[in-house]
Undergrad: 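Once you've had a glance at the structure underneath, I'll fire off some questions.
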Amino acid sequence: MEHKYSPKDVEQKWQAIWDEQKTFKVSVNKDKPKYYLLEMFPYPSGRIHMGHVRNYSIGDVIGRFKRMRGFNVMHPMGWDAFGMPAENAAIQNKSHPATWTYENIAYMRNQIKKMGFSYDWDRELATCDIDYYRWEQKIFLEMFAKGLAYKKTSYVNWCPKCETVLANEQVEDGGCWRCDTDVNQKELDQWFFRITDYAEELLENTYKLPGWPERVLVMQRNWIGKSFGCEIDFPVKNSAEPIRVFTTRQDTVFGATFMSLAPEHPRALELATPDHKDEVVAFIDKIRKTDRIKRTADDFEKEGVFTGSYCNNPVTGALMPIFLANFVLMDYGTGAVMAVPTHDQRDFEFAKKYDLPLKVVIQPSGVTLDPLVMSEAYTEAGIMANSGQFDGLQSNDAKEAIADFLQAQGQGAKTVNFRLRDWGISRQRYWGNPIPVIYCDICGVVPVPEQDLPVVLPKDVAFSGEGGSPLAQMESFVSCTCPLCGMVARRETDTMDTFVQSSWYFLRYCCPDFKDGILDRESADHWMSVDQYIGGIEHAVLHLLYARFFTKVLRDLGHTSADEPFTNLLTQGMVIKDGAKMSKSKGNVVDPDALITKYGADTARLFSLFAAPPEKDLDWNDQGVEGSFRFLNRIWKLVHDRLTMIQNAGLPDLDLLTAEERNLRRSVHKTIRKVTEDLEERFHFNTAIASVMELLNILQPAEYSSAQFPAVMKEALQNVIILISPFVPHMAEELWQRLGNFTPLTQTAWPDYDQSAVIDEELLVVVQVNGKLRSKITVAAGTGEEEVKALALADEKIAQFILGMTVRKVICVQGKLVNIVVG
RNA sequence: GCGAGAGUGGCGGAAUUGGCAGACGCACCAGACUUAGGAUCUGGCACCUCACGGUAUAGGAGUUCAAGUCUCCUCUCUCGCACCA
């Protein structure tokens with residue numbers, strides 16, 4: 001590696017040094033402020049893609065910069081290694097998911113190392129390692145003991161292609177989040193995590209995460225879906241048991257004219273009178289066969305069936321027919337809705353279809369609604385009417401009054417309702433963490449005793465791809481004895497959702513080798529929370545909500561003090577090419593390996609940081625990559641061209657500098673200031689890089705001007721190298737060394753700019769007439785306002801624009817602009 | 001429908017606090033070196049105009065000495081939510 005820039009040689013050299021010297025290994029060090037930097041760990045699918053390159057390049061700039069700023073940076077990497085693709089690949093290739101996974105990890109680790117990222121590889125973990133998942137089983141048992149893990153039979157989302165259950169969060173537009181197959185409903189006995197216990201805190205803390213993008217917080221708030229309202233009991237005719245509804249519009253209760261129940265409502269059949277029974281049964285059957293997705297689509301036609309039973313409006317006493325309605329959902333509220341057709345659009349449409357009575361109880365100001373001519377429900381606030389003692393009140397005020405009234409009457413109570421449902425974690429697949437539970441005919445559900453952990457995932461399984469989970473067909477795994485009574489028992493064969501592993505890996509990174517428990521609390525408390533987390537927005541309500549939940553659970557179980565896992569979150573945009581997301585089917589995939597071979601990792605990193613700010617989508621452009629490569633070559637060449645001249649130069653003597661040299665230094669120190677600000681406060685890597693490019697454009701043509709020139713040029717080039725080092729660390733280290741520096745940049749402090757050097761000696765002042773740019777004048781720094789105004793007015797270009805006009809006003813912005821207002 | 005964000009040259013993007021719109025890069029054009037150029041270097045490059053100058057930040061109004069930036073209206077796009085009672 002001599003005069004020509006050869007990225008391959010340079011990169012191999014420095015990667016070997018970082019590896020051998022464990023440059024990025026960190027341990028607890030109380031002398032420095034800690035900085036926990038984390039990018040979302042990859043699924044070992046086989047090879048890294050450009051999304052990874054971008055994600056990890058962003059992280060690496062921050063990591064290297066913070067390190068040079070004096071932080072003790074913990075920057076780990078690992079593998080989200082359980083999951084279905086491994087199992088599917090194993091079925092196809094007649095191999096084993098473990099083999100497939102570990103081979104992929106080996107290949108991808110090598111790829112990531114070739115990018116030169118500053119990871120502490122001693123903290124590497126894979127979630128399919130026994131030493132990882134055993135502790136997760138312990139977490140499960142501790143959650144089970146506290147009632148935070150429980151089993152229930154319910155309708156769950158079933159992906160027929162993956163042959164497994166999906167959590168609500170994992171269904172997107174009615175399809176499986178992984179394979180897009182339409183999801184249907186299946187009644188199964190499944191394990192759940194009681195995330196709803198944490199709904200309130202999860203919601204409340206979204207207001208205490210200023211370092212998160214607002215849109216992620218909004219998505220989480222929507223998902224949690226807190227609403228305030230009332231539960232109201234409606235007495236059922238010929239029954240002692242009332243129907244309880246949840247409503248946020250108790251102000252409309254006087255207008256409730258019928259009742260709608262979810263078809264799955266437990267009382268649906270009981271309420272069907274003999275002459276309506278057949279119809280009701282047929283309707284329930286029909287709805288069960290319709291999947292939830294179609295059912296909840298907004299253009300799905302409202303449909304229902306009369307049960308034959310009636311209830312009474314608790315405040316008016318009016319008789320209300322009880323219907324089953326397809327749009328009422330069992331898993332929201334109580335599964336029963338008081339229908340107020342005049343003030344709810346769904347109820348309105350339903351009432352029109354089945355010819356049910358309409359009664360207006362809220363009047364908008366200035367208009368009187370007539371139920372006979374209404375064409376849609378009036379859902380806004382207004383003045384109460386036909387509502388007894390509440391008439392004349394503002395409907396918003398009446399909400400409170402009616403709630404109090406119902407409560408006093410014993411007919412209802414104020415309540416809060418959440419949309420968030422408990423997290424179903426059972427998966428009918430092999431390649432996951434076994435749920436550590438045993439079923440005994442005598443003792444029931446028995447947790448595996450702690451001393452028997454881990455429940456090891458057996459290796460010698462047959463993968464037929466048919467008939468469900470291989471674990472269930474493996475007698476040696478299933479058959480066991482009950483830890484309580486010693487009788488023959490069966491082992492749980494479901495494994496945990498892979499999102500469980502990613503919900504706490506950031507905690508385990510703090511103590512990956514800890515052998516005595518889930519977490520070494522001291523280490524976890526030292527490093528947590530993650531100061532900067534970086535990843536794709538697609539996890540806004542999946543991983544990011546589960547991880548928050550788990551952090552709180554582990555806190556309450558006494559394993560950490562952290563309330564929230566991630567203090568700052570950066571959601572990077574997608575990598576796009578030719579107007580579309582990179583995908584094999586589109587044929588627009590850029591292969592990181594090919595890129596590294598052709599240009600080197602530094603160029604790949606540089607372009608992915610330069611082409612767009614991190615949170616925006618990045619438009620990949622092969623010619624743009626060439627531009628980044630050119631820039632690096634120009635730096636390489638400039639340093640080598642000046643090498644002999646500057647090699648022995650010391651620091652410049654500031655008193656002897658020529659004006660040109662002072663200007664050069666000013667550019668250098670302004671660039672230091674600019675890059676520092678862009679990295680520190682804004683993560684605007686593209687503009688930071690642009691400013692170094694600008695500096696290079698100034699340095700390149702600079703000519704020898706005095707005996708001080710070599711020193712000035714040396715200072716300039718040293719700083720250029722430092723400033724680009726977080727982006728292109730290999731080239732920077734190499735040039736740094738060639739300039740004669742013995743301490744590597746990884747142990748060099750980030751420079752402060754020289755405050756006196758950045759002060760301008762002359763200022764360019766823009767002169768406007770009536771707000772239009774007419775001239776520019778140069779004034780010495782410190783020239784007084786009056787003098788600047790005078791100079792502007794005396795400028796010959798300005799003269800022609802103010803000739804014969806009256807100067808009404810002259811505005812002067814110090815050192816920037818003069819605006820002469822004439823008329 | 002509701003909520004959030006965005007709209008700037010041929011393209012990616014800059015403009016941080018209301019103060020020169022288009023930094024930086026790509027593409028393109030011209031020139032130099034060259035047997036050659038898909039290497040390198042120099043210069044040009046928003047639009048209209050020979051020029052003086054005029055017009056331009058989705059469109060329209062407004063505030064201001066001054067608006068890409070602030071206010072109001074309209075349009076378009078992206079994302080999220082969406083029968084949630």
Side-chain angles (χ1 to χ4, degrees), chain A residues 213-223 225-227 229-230 245-250 252 256 260 262 295-302 325-329 331-340 343-347 349-350 379 417-419 537-538 540-541 576 606-607 610-613 615-628 630-631 633-634 637 674 677-678 681-682 684 686-697 700-701 764-776 800 808-823:
Chain A
E214 189 59 25
R215 61 191 191 123
V216 174
L217 296 172
V218 168
M219 278 191 245
Q220 294 211 353
R221 280 173 208 144
N222 286 342
W223 189 262
K226 182 179 185 177
S227 52
C230 258
V245 305
F246 170 74
T247 181
T248 56
R249 293 299 304 274
Q250 61 270 18
T252 63
S260 303
R295 215 177 127 186
T296 54
D298 89 18
D299 52 359
F300 196 65
E301 190 172 346
K302 282 152 199 57
N326 61 354
F327 63 89
V328 180
L329 308 172
D331 62 6
Y332 183 76
T334 60
V337 181
M338 68 173 201
V340 186
H343 305 294
D344 181 288
Q345 187 58 26
R346 294 155 299 180
D347 297 341
E349 288 170 33
F350 197 86
T379 56
N417 196 56
F418 290 94
R419 268 198 330 150
I537 188 115
E538 65 271 19
V541 259
I576 304 281
L606 186 67
F607 180 72
F610 176 64
E615 63 281 358
K616 284 187 72 171
D617 284 350
L618 184 156
D619 204 345
W620 196 266
N621 176 320
D622 293 332
Q623 286 162 328
V625 179
E626 292 275 359
S628 294
R630 257 199 301 270
F631 170 61
N633 275 292
R634 285 174 60 208
K637 185 165 184 304
K674 167 80 177 153
E677 283 171 1
D678 281 353
E681 295 151 26
R682 312 197 305 158
H684 277 203
N686 55 336
T687 53
I689 294 166
S691 69
V692 182
M693 288 175 170
E694 265 180 277
L695 178 60
L696 197 74
N697 290 343
Q700 200 161 247
L764 186 69
V765 175
V766 169
V767 186
Q768 298 178 333
V769 176
N770 284 348
K772 292 196 171 164
L773 177 67
R774 296 302 183 193
S775 182
K776 295 175 184 181
Q800 55 177 311
R808 300 194 190 279
K809 202 167 166 188
V810 180
I811 285 138
C812 183
V813 180
Q814 260 310 350
K816 276 194 176 164
L817 168 145
V818 175
N819 188 12
I820 301 161
V821 184
V822 297

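Per chain, numbering begins at 1; letters A, B, ... match sequence-line order. Please read all numbers here as calculations on a predicted model, not as lab measurements.
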Undergrad: If you look at every strand shown and take non-hydrogen atoms under 4.0 Å, does A:Gly627 touch a base, only sugar-phosphate, or nothing?
TA: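 If one applies the 4.0 Å heavy-atom cut-off, A:Gly627 turns out to touch the sugar-phosphate alone, with no base involved.
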Undergrad: Can you run through RNA chain B from 5' to 3' and write each base as (, ), [, ], | or . depending on how it pairs? Watson-Crick or G-U wobble, both distances under 3.5 Å.
TA: (((((((..(((......[....))).(((((.......))))).(((....)))..(((((..]....))))))))))))....
Undergrad: Is there side-chain contact between A:Thr252 and A:Met338, with at least one heavy-atom pair below 4.5 Å?
TA: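 SC-SC contact between A:Thr252 and A:Met338 confirmed.
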Undergrad: Would you classify A:Asn697 as touching base, sugar-phosphate or nothing, given that sugar-phosphate means primed atoms plus P, OP1 and OP2, and contacts are heavy atoms under 4.0 Å?
TA: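 Answer is sugar-phosphate: A:Asn697 comes under 4.0 Å of backbone atoms only.
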Undergrad: Mind checking what makes ring pair (Phe, Tyr, Trp, His ring centres under 6.0 Å) contact with A:Trp620, not counting sequence neighbours?
TA: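 In terms of ring pair (Phe, Tyr, Trp, His ring centres under 6.0 Å), with neighbours along the sequence ignored, A:Trp620 is linked to A:Phe607.
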Undergrad: Return a single string for nucleotides 9-19 of chain B, one symbol per nucleotide in 5' to 3' order, where B is base contact, S is sugar-phosphate-only contact and - is none, cutoff 4.0 angstrom on heavy atoms.
TA: ---BSSSB--B
Undergrad: What integer distance in Å separates A:Gln250:CD from B:A85:P?
TA: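 Distance, rounded to whole Å: 12 Å.
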Undergrad: Rounding to the closest angstrom, what is the interatomic distance between B:G31 and B:C48 at atom P?
TA: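 To the nearest whole Å, 22 Å.
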Undergrad: What's A:Ser227 touching, base or sugar-phosphate or nothing? Going by heavy atoms closer than 4.0 Å.
TA: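 Counting heavy atoms under 4.0 Å across all strands, the contact made by A:Ser227 is with sugar-phosphate only.
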Undergrad: Please state how far atom CG in A:Leu217 lies from atom P in B:C81, giving the value in whole angstrom units.
TA: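 Value for this atom pair: 15 Å.
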Undergrad: Taking atom C1' in both B:C26 and B:A14, compute the distance separating them and give it to the nearest angstrom.
TA: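 It works out to 15 Å between them.
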Undergrad: A:Lys776: which residues meet the side chain to side chain contact (heavy atoms under 4.5 Å, CB included) condition with it, sequence neighbours left out?
TA: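 In terms of side chain to side chain contact (heavy atoms under 4.5 Å, CB included), with neighbours along the sequence ignored, A:Lys776 is linked to A:Leu764, A:Leu773.
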Undergrad: Of the nucleotides B:C26, B:C65, B:A85, which has the atom closest to the A:Val821 side chain?
TA: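 It is B:C65.
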Undergrad: Identify whether any heavy atom of A:Arg419 sits under 4.0 Å from a base atom; if not, whether one sits that close to sugar-phosphate; answer base, sugar-phosphate or nothing.
TA: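 Base contact - A:Arg419 has a heavy atom under 4.0 Å of at least one base atom.
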Undergrad: Is there a donor-acceptor contact under 3.5 Å from the side chain of A:Arg249 to the main chain of A:Thr379?
TA: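 Flag set: sc A:Arg249 to bb A:Thr379 pair under 3.5 Å.
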Undergrad: Rounded to whole Å, how long is the line connecting atom CG of A:Asn770 with atom P of B:A67?
TA: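 Checked: the CG to P distance equals 11 Å.
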Undergrad: Expressed in whole Å, how much space separates the P atoms belonging to B:G68 and B:G9?
TA: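 That atom pair is separated by 14 Å.
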Undergrad: If you pin A:Ile537 and A:Thr334 to their nearest nucleotides in RNA chain B, which one's is more 5'?
TA: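 Mapping each residue to its closest nucleotide by heavy atoms, the 5'-most match is A:Ile537.
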Undergrad: Quick one: does A:Thr687's side chain get under 4.5 Å of A:Lys674's, heavy atoms only?
TA: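 Yes, close enough: below the 4.5 Å cut-off.
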Undergrad: Atom CZ of A:Arg221 and atom CD of A:Glu214: how far apart are they, to the nearest 0.5 Å?
TA: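 Nearest 0.5 Å value for the CZ-CD distance: 5.0 Å.
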Undergrad: What one-letter contact string describes nucleotides 48-58 of chain B from 5' to 3', where B marks a base within less than 4.0 Å of any protein heavy atom, S marks contact via sugar-phosphate atoms alone, and - marks no contact?
TA: -----SSS---
Undergrad: Could you tell me the separation between the CG atom of A:Asn222 and the P atom of B:C83, rounded to a whole number of Å?
TA: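 Rounding to the nearest Å, CG of A:Asn222 and P of B:C83 are 12 Å apart.
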Undergrad: With syn defined as a glycosidic torsion within 90 degrees of 0 and anti otherwise, which applies to B:G9?
TA: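 Nucleotide B:G9 adopts syn.
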Undergrad: Polar pairs (N or O, both sides) under 3.5 Å between protein and nucleotides 36-42 of chain B?
TA:
none

Undergrad: List the residues meeting side chain to side chain contact (heavy atoms under 4.5 Å, CB included) with A:Ala339, not counting sequence neighbours, and say none if there are none.
TA: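 Residues passing side chain to side chain contact (heavy atoms under 4.5 Å, CB included) with A:Ala339: A:Phe258, A:Ser260, A:Asp347.
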Undergrad: Write down the distance separating the P atoms in B:U78 and B:G12, rounded off to the nearest Å.
TA: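 Per the computed distance, 16 Å lies between those P atoms.
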Undergrad: Can you name the residues that form a side chain to side chain contact (heavy atoms under 4.5 Å, CB included) with A:Thr248, not counting sequence neighbours?
TA: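 A:Thr248 satisfies side chain to side chain contact (heavy atoms under 4.5 Å, CB included) with A:Ser227, A:Phe246 once adjacent residues are dropped.
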Undergrad: Tell me the interatomic distance from A:Leu696, atom CG, to B:G25, atom C1', rounded to whole angstroms.
TA: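 So the CG-C1' distance, A:Leu696 to B:G25, works out to 13 Å.
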Undergrad: Would you indicate whether the side-chain heavy atoms of A:Val692 and A:Phe631 approach each other to under 4.5 Å?
TA: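 Yes, at least one pair of side-chain atoms sits under 4.5 Å.
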Undergrad: Return yes if the base of B:A85 and the side-chain atoms of A:Arg346 contain a donor-acceptor N/O pair under 3.5 Å, otherwise no.
TA: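 Counting by modelled atom types and ignoring angles, a donor-acceptor contact under 3.5 Å is found here.
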Undergrad: In whole angstroms, how far is the C1' atom of B:C26 from the CE atom of A:Met693?
TA: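 In whole Å, B:C26 C1' lies 10 Å from A:Met693 CE.
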Undergrad: Which residues satisfy the side chain to side chain donor-acceptor pair (under 3.5 Å) test with A:Lys226, sequence neighbours excluded?
TA: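 Side chain to side chain donor-acceptor pair (under 3.5 Å) list for A:Lys226, sorted by chain: A:Glu200.
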Undergrad: How close do A:Val245 and A:Thr334 get, heavy atom to heavy atom, and via which atoms?
TA: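 Closest approach of A:Val245 to A:Thr334, heavy atoms only: CA-OG1, 3.3 Å.
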Undergrad: How far does the C1' atom of B:U42 sit from the matching atom of B:U35, given to the nearest Å?
TA: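 The same atom, C1', in both gives a distance of 23 Å.
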Undergrad: Say we look at B:G18 and B:A66: how far apart would their C1' atoms be, to the nearest angstrom?
TA: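 Result for the C1' pair: 8 Å, nearest Å.
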Undergrad: Could one point to a donor on the side chain of A:Lys809 or the base of B:C65 with an acceptor on the other under 3.5 Å away?
TA: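 When only heavy-atom distances are counted, A:Lys809 does not reach the base of B:C65 through any donor-acceptor pair under 3.5 Å.
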Undergrad: In whole Å, what is the span from the OH atom of A:Tyr332 to the P atom of B:A82?
TA: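 A:Tyr332 atom OH is separated from B:A82 atom P by 12 Å.
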Undergrad: What distance, rounded to whole Å, do you find between the two C1' atoms, one in B:A23 and one in B:U8?
TA: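 Roughly 13 Å separates the two C1' atoms.
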Undergrad: Which whole-number value in Å describes the distance from A:Leu606 CG to B:C24 P?
TA: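 Distance check: A:Leu606 CG to B:C24 P gives 16 Å.
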Undergrad: Does A:Asn417 use its side chain to pair, donor to acceptor, with the backbone of A:Tyr332 at less than 3.5 Å?
TA: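 No.
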Undergrad: Closest nucleotide of RNA chain B for A:Val766 versus for A:Arg249: which of these residues is on the 5' side?
TA: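 Whichever sits nearer the 5' end wins; that is A:Val766.
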Undergrad: Can you tell me if A:Asn770 and A:Arg808 form a side-chain donor-acceptor pair at under 3.5 Å?
TA: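 A:Asn770 vs A:Arg808: no donor-acceptor pair found between side chains.
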Undergrad: Could you tell me which residues satisfy ring pair (Phe, Tyr, Trp, His ring centres under 6.0 Å) with A:Phe610, sequence neighbours excluded, listed by chain and number?
TA: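 Not a single residue meets the ring pair (Phe, Tyr, Trp, His ring centres under 6.0 Å) criterion with A:Phe610.
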Undergrad: Just jot down the salt bridge (charged side-chain N to carboxylate O under 4.0 Å, His left out) partners of A:Arg774, sequence neighbours excluded, or say none.
TA: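 A:Arg774 satisfies salt bridge (charged side-chain N to carboxylate O under 4.0 Å, His left out) with no residue once adjacent residues are dropped.
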Undergrad: Given the C1' atoms of B:C2 and B:C11, what is the spacing between them in whole Å?
TA: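 Between the two C1' atoms, the distance is 35 Å.
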Undergrad: Considering residues at least two apart in sequence or located in another chain, which fulfil the side chain to side chain donor-acceptor pair (under 3.5 Å) criterion with A:Arg419?
TA: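 A:Arg419: no side chain to side chain donor-acceptor pair (under 3.5 Å) contacts found.
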